[in-house]
Amino acid sequence: MFDIVAGVLILTGLALVATVWRLHRLYPEVRWDWSRIDLSELSFPDGFLWGAATAAHQVEGGNTNNNWSRWELSTDESGKPRIHNGQRSGSACEHYTRYPKDIERLRDELGLGSYRFSLEWSRIEPEEGHFDLDAIQHYGDVIDELIASGVTPMVTLHHFTHPLWFEDKGSFEKEENLDYFVRFSERMFSEYGDRVKLWCTHNEPGPFATMGWGMGVFPPGVRSPKRLGLVLTNLMRSHCRVYAAIKAMPGGDKAQVGLVKNIFQFDPWRRWNPTHWALTRSLEETYNSSILRLFRGEPFTIRVPGLMNVREDIPGAELDFIGLNYYSHLLLSPLMPTSPPFKVLARPGDVVTDFPYCSYPEGFYRALMSVGELDKPIYVTENGIPDARDDRRAEFIQKYMYAMSRAISDGCDVRGYYYWSLLDNFEWAEGYDMRFGLFAVDFETQKRTLRDGAKAYVDIVRGHRNG
Ligand code: BGC
């Protein structure tokens, strides 16, 4: 009897060790030996678009009628301001009025040929059903200025902000509200579709929903996995409906309409630890695989035992390109805090950015290869580093460019790249402390200064402008 028990125990132990060993070996947390890499070995296709990106609320200034402007004035349950150090977006970079000079900088000082920006819905439709002609004219002027400067516009319809009236109706938590966003998108396409060919529907459905309805650090400040699942599903429905609506409009067949997907990989801190694995898998599933699977023709499914169980057939899951926002990965252990302040887990030699994550160019390569499986053109709609000291930016740019070039050589159809961001700006819950800009902005004087680190980007663009 004793022998049988001992035998079973030994076999179970061996099976466990074998499984853990297999997990450890199979896990694709790619690491390259940078000492053997020549960072100047870069190649990009002809016609590659080199650009920089911003989002309306983060740079325009004077936005007082959207979900964020209200959020910035509010406090949490303990009376603490929602934004780091009680900051507010305020006049931001005054880009709403200073855009002509900023476009000139983008073209002349950076040598870029494309600009990604977003339309501020709360300016354009400040009250339900009332479209403001001055605001419509304004974005038309921005587009005309870009085109006259030889800069290709890429427009985002929803980049985290929407009008208060839409927020008060429950925004993307209610499926019936999607009609409003579709109507807005149709109007925008009818205004600008003759001049703008690259359209992004939603910016980063995953982070937008998670921060707002999962972690409660973005408006509306909810912490409910169930409601988060609902919002994510509606955002996917919203993308599909806007895509179909634009395609059905005159000129829609010539427009390229995509979704901006953020990939922040989740990797186990200890690959031999099954609990680290389990956590990693459920987050990967929620944020990355579920959305990508939808565009491979599968139902939208998220299963996180005990927390979320979504399975929806969403018709019309189409896109003409996938926009990839890539910053880094997160090493996970179940003991990490689930709300800020987060502590960064880093491997030896990792360069930590000003946000609690490290620079991880290999992850950019991984992300490109994984969205590449959709077999659609890819635009890197955001990539950049928060680096107030500007002592890591140049290396970040060189290594991430190398990773992108390597993914292209390995078969990824990448058509363009937008650095985040053109200017230092209002970094949502972090306020103004995170400095992502190619141009540093002095928020007292509004002076813009090209950062030294940004010159690495300028050099690469200069050397590879025609592919
Ligand atoms: C967002 C930007 C943000 C950037 C840097 C992205 O998730 O689209 O609005 O500023 O990351 O954190």
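Since the model is a prediction, treat every value here as computed from it, not as a measurement. Counting convention: from 1, in listed order, for ligands and their atoms alike. All values below were derived from every heavy atom in this structure, side-chain atoms included, with hydrogens, water molecules and symmetry-related copies excluded.
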Student: For ligand 1, which part of Val260 has a heavy atom less than 4.0 Å away: the side chain, the backbone, both, or neither?
Tutor: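 Neither; no heavy atom under 4.0 Å.
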Student: Around Glu109, counting heavy atoms of other residues, nucleotides and ligands shown, do more than 12 lie under 6.0 Å from its CD?
Tutor: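 Correct, the count exceeds 12.
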Student: For atom 7 (O) of ligand 1, what is the nearest protein heavy atom, given as residue, atom name and distance?
Tutor: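 Answer for atom 7 (O) of ligand 1: Glu204 OE1, 2.6 Å.
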Student: Taking non-hydrogen atoms only, is Met434 closer than 4.0 angstrom to ligand 1 via side chain, backbone, both or neither?
Tutor: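 For Met434, there is no contact with ligand 1 at all, from either part.
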Student: Considering non-hydrogen atoms of the protein only, which is the closest contact for atom 3 (C) of ligand 1, and what is the distance?
Tutor: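 In this structure, atom 3 (C) of ligand 1 has Glu427 OE1, 3.5 Å as its nearest protein heavy atom.
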Student: Is it true that Trp121 and Phe181 have ring centroids separated by less than 6.0 Å?
Tutor: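 Ring-ring flag for Trp121/Phe181: true, centres closer than 6.0 Å.
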Student: For atom 4 (C) of ligand 1, which candidate among Tyr327, Phe436, Trp428 provides the closest heavy atom?
Tutor: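 Heavy atom nearest to atom 4 (C) of ligand 1 belongs to Tyr327.
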Student: Geometry only, no angles: is Asn425 polar-contacting ligand 1 at N/O separations under 3.5 Å?
Tutor: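 The answer is no, given that Asn425 and ligand 1 share no N or O pair closer than 3.5 Å.
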Student: For Glu120 and His57, does a side-chain donor sit closer than 3.5 Å to a side-chain acceptor?
Tutor: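 Short answer, no.
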Student: Going by the closest heavy atom to atom 11 (O) of ligand 1, which one wins out of Glu430, Gln58, Met211, Glu382?
Tutor: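 Shortest heavy-atom distance from atom 11 (O) of ligand 1: Glu382.
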Student: Distance to the ring centre below 6.0 angstrom and angle to the axis at most 45 degrees; does that hold for Arg123 and Tyr96?
Tutor: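 Relative to the ring axis of Tyr96, which defines the angle, Arg123 lies inside both limits.
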Student: When only distance counts, is Tyr357 in polar contact with ligand 1, meaning an N/O pair under 3.5 Å?
Tutor: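 Not met; the criterion fails.
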Student: With heavy-atom distances below 4.0 Å as the criterion, list the atoms of ligand 1 near His159.
Tutor: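 The atoms of ligand 1 under 4.0 Å from a heavy atom of His159 are 1 (C), 2 (C), 8 (O), 9 (O).
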Student: Should Glu285 and Arg293 count as an ion pair when the cut-off is N to O under 4.0 Å?
Tutor: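 Yes, Glu285 and Arg293 are salt-bridged.
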Student: Tell me whether the rings of His239 and Tyr243 are parallel (<30°), tilted (30 to 60°) or perpendicular (>60°).
Tutor: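 Judged by the thresholds at 30° and 60°, the geometry between His239 and Tyr243 is tilted.
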Student: Between atom CG of Leu164 and atom OG of Ser69, what is the distance when rounded to the nearest 0.5 Å?
Tutor: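 Between atom CG of Leu164 and atom OG of Ser69 there are 5.0 Å.
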